[in-house]
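Throughout, protein chains are lettered first and strands after them, A, B, ... in sequence-line order, and every chain is numbered starting at 1.
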Amino acid sequence: MHIPDGYLSPKTCGVLYAAMAPIWYLAARKVQKILQAKQIPLLALGAAFTFVIMMLNIPIPGGSTGHMVGGVVVASVLGPWAAVISLSLALTIQALLFGDGGITTLGANCFNLAFIMPFTGYYTYLVLSAGDASQKRRWIALFVAGYIAMNMAALTTAIQLGIQPYIAHLPDGRPLYFPYQLSVTIPAMGMSHILFFGFIEAIGTAMVVSYILKINKAILYKPETNPLRPLWIGLGILIIFTPVGLLAHGSPWGEWASEELITLIGYVPEGIQRLKGLWTSIMPDYNLPGFDTPRQSAFGYIISAAIGSGLIILIIYLAGKMWKR
Amino acid sequence: MGLSNGVNIPEWLKKTGEDFCPSCAIGGGKGFIEKNIEAIASFIKDVLEPDGFADKNGLLQQIDPRARLLGVLLFMVAATLLKNALSIVLLLSLVVFIALASRVNIMVLLKRVLPALIFTLILILPTVFNFVTPGTSVVTIYKGETFYLYISKQGLEGMAVFLLRVLAMVSLLTLFLLTTGYPNVFRALQSFPIPKIFVIALSMTFRYVMVLIKIAEDSHFAKKARTIKPVTLKQSRDWLASRIWLIMERSMERAEDVYLAMTARGFDGDVKTMTVFEMKGIDYAWMGVSIFIFLLSAQL
């Protein structure tokens with residue numbers, strides 16, 4: 001999951017560093033507000049913790065091994081914003097001192113593992129365990145949160161790798177950086193994470209955090225607001241960024257949002273089924289860099305994305321109502 | 001960071017404990033936890049003692065760590081910008097030259113780079129075939145009525161560029177790590193436009209990694225010493241989850257202690273360092289060369 005140096009084009013590396021800059025800034029400010037001066041040792045320890053966790057390989061059926069990232073565990077103890085910083089610190093140490101993951105790709109790795117992962121995991125847990133959750137529901141919520149967080153991080157990694165042939169190639173179309181297209185990277189990353197690594201993170205997160213819940217609940221991070229509120233904000237941002245993703249050439253945030261929504265609207269299964277054929281024909285319509293997008297299709301896309309996200313909001317709202325009862 | 005450059009680890013600490021206690025080898029071979037601990041031990045050894053190249057009187061070692069890091073980063077960006085195999089080979093030969101001038105053993109460098117290279121090779125090997133990269137056939141593997149499999153010239157070229165770039169970039173970073181002890185890495189980072197507080201947190205992270213690994217190791221051996229019959233995989237996993245929690249809780253406790261210790265010593269959130277930035281002639285020359293290479297590759 002750590003993207004090494006040389007896999008991503010300079011453009012992608014730059015964009016992802018730029019995307020992380022405001023996230024790091026915001027995280028630093030949020031953390032200062034919440035944790036005050038205690039922040040430095042706490043963040044460093046959180047980072048050291050994930051670093052050690054990432055080194056513990058767990059055997060998985062079939063003779064292979066995999067490791068946890070611990071993103072959701074850290075997020076549930078320190079809160080998602082502090083987790084951004086802790087995980088970024090851990091990834092920086094890994095890249096800088098151990099040569100694990102690239103320096104030029106550090107922005108990308110932080111985006112996937114230190115931003116997407118703790119946030120999706122933390123809020124998934126928060127939403128699923130909203131209200132007065134039983135111990136069993138908490139366990140399931142943690143399991144699902146770990147699973148989703150790992151798979152979301154894998155998806156954004158796959159997208160970053162998979163867009164390389166589109167945005168950086170020689171005049172004859174040969175890729176300059178990572179050579180496989182989305183039609184290969186998404187199923188490849190998807191398969192390994194849906195089947196194995198997702199479960200490692202899921203079981204690990206559920207076991208460790210439910211252990212903390214049982215032993216010492218006090219060290220867990222307490223959200224200051226209604227657990228469902230961040231969800232609305234998140235979806236709002238997603239909707240706002242969808243058109244931006246169409247305008248910004250090759251912006252991974254936009255790409256991620258659009259990929260997300262394509263998934264939600266239901267194009268992906270067909271695409272995966274027919275691999276290259278359909279994907280390559282769909283991609284130009286969804287404004288992948290290197291292709292000209294007709295304005296009309298962009299409009300249609302925005303509208304379908306809006307409808308899709310509206311539906312999801314509705315479902316989540318209803319589910320939340322039911323749980324609260 | 002008050003530690004000197006060369007940290008010498010006594011011989012006995014480097015041993016990972018084979019033949020230590022033969023009767024401990026319950027259930028035959030080593031379990032995954034033991035393998036993990038061995039891997040971690042060798043990891044630490046690699047970082048704390050980068051084969052002694054950091055103390056040699058070579059080219060890179062004479063350059064200020066800050067200029068050294070910036071130069072290496074510029075070279076790395078140059079490597080991402082280069083688009084054809086020949087130019088990357090030229091850059092790579094420059095890397096080899098710098099390594100030789102810094103008295104770094106090329107075989108050691110290669111050994112460090114090899115895992116990343118092999119991983120990348122396996123990953124992109126399918127691109128040489130026509131089903132990924134069609135083009136001019138170089139080697140025909142199978143030619144039938146409906147099925148035609150060959151290695152294409154374009155595929156080979158693409159793979160060469162990709163592999164060479166990864167090789168160049170990983171060697172550059174490895175070269176920096178081999179010639180720079182870890183206290184200097186953090187010292188170098190402090191002069192970059194990153195908030196000092198992050199650099200401090202970064203160096204603290206590095207220290208705590210060592211501490212937490214020690215806790216992990218201790219708890220493993222504590223368990224091992226008390227185990228008299230083979231444990232199942234599930235028991236093993238359960239134990240691991242509880243130890244992860246232990247590491248977590250110890251982390252939190254220590255964070256609290258460290259904060260109190262820092263406050264007691266007058267830390268008020270403002271970070272001050274004693275290092276003074278002083279560029280010498282050789283540093284300017286090094287920066288000049290790396291900026292030149294960077295600009296050159298940006299135009300190619």
Practice task
Report yes if the side chains of A:Leu176 and B:Phe162 come closer than 4.5 Å at any heavy-atom pair, otherwise no.
Solution key: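 Of all side-chain heavy-atom pairs linking B:Phe162 with A:Leu176, none is under 4.5 Å.
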Exercise for the section: For residues B:Val166 and A:Asp5, determine if any side-chain heavy atom of one lies less than 4.5 Å from a side-chain heavy atom of the other. Expected result: no
Residue [X] versus chain A: region with a heavy atom under 4.5 Å:
{"X": "B:Val185", "value": "side chain"}
{"X": "B:Leu260", "value": "neither"}
{"X": "B:Leu167", "value": "neither"}
{"X": "B:Thr120", "value": "both"}
{"X": "B:Pro115", "value": "neither"}

Practice task
Using a cut-off of under 4.5 Å on heavy-atom pairs, state which of A:Val73, A:Val209, A:Leu96, A:Thr92 scores highest against chain B.
Solution key: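 Looking at each of A:Val73, A:Val209, A:Leu96, A:Thr92 in turn, A:Leu96 comes out on top.
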Handout entry: Members of residues 168-176 of chain B whose heavy atoms come closer than 4.5 Å to chain A
Key =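 Near chain A, by residue number: B:Met169, B:Leu173.
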Handout entry: Expected output: side-chain B:Tyr208 to main-chain A:Gly46 donor-acceptor under 3.5 Å
Key = no
Exercise for the section: Measure from the side-chain N and O atoms of A:Tyr177 to the backbone N and O of B:Thr80, and report whether any donor-acceptor pair falls under 3.5 Å. Expected result: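 Indeed, once roles are kept as given, a pair shorter than 3.5 Å links the two residues.
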So for [X], is it side chain, backbone, both, or neither that comes closer than 4.5 Å to the heavy atoms of chain B?
{"X": "A:Ala188", "value": "neither"}
{"X": "A:Ile203", "value": "neither"}
{"X": "A:Phe178", "value": "both"}

Rounded to the nearest 0.5 Å, what separation is found between the [atom1] atom of [X] and the [atom2] atom of [Y]?
{"X": "A:Leu89", "Y": "B:Ser203", "atom1": "CG", "atom2": "OG", "value": "10.0 Å"}
{"X": "B:Leu73", "Y": "A:Ile103", "atom1": "CG", "atom2": "CD1", "value": "6.5 Å"}
{"X": "B:Leu123", "Y": "A:Tyr7", "atom1": "CG", "atom2": "OH", "value": "5.0 Å"}
{"X": "B:Leu81", "Y": "A:Thr104", "atom1": "CG", "atom2": "OG1", "value": "10.0 Å"}

Problem - Shortest non-hydrogen separation from A:Tyr180 to B:Leu125 and the atoms involved - result: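 Of all heavy-atom pairs spanning A:Tyr180 and B:Leu125, the closest is OH-N, 4.4 Å.
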Exercise for the section: Taking all non-hydrogen atoms of both residues into account, name the closest pair between B:Ala201 and A:Ala44 and its distance. Expected result: O-CB, 3.5 Å
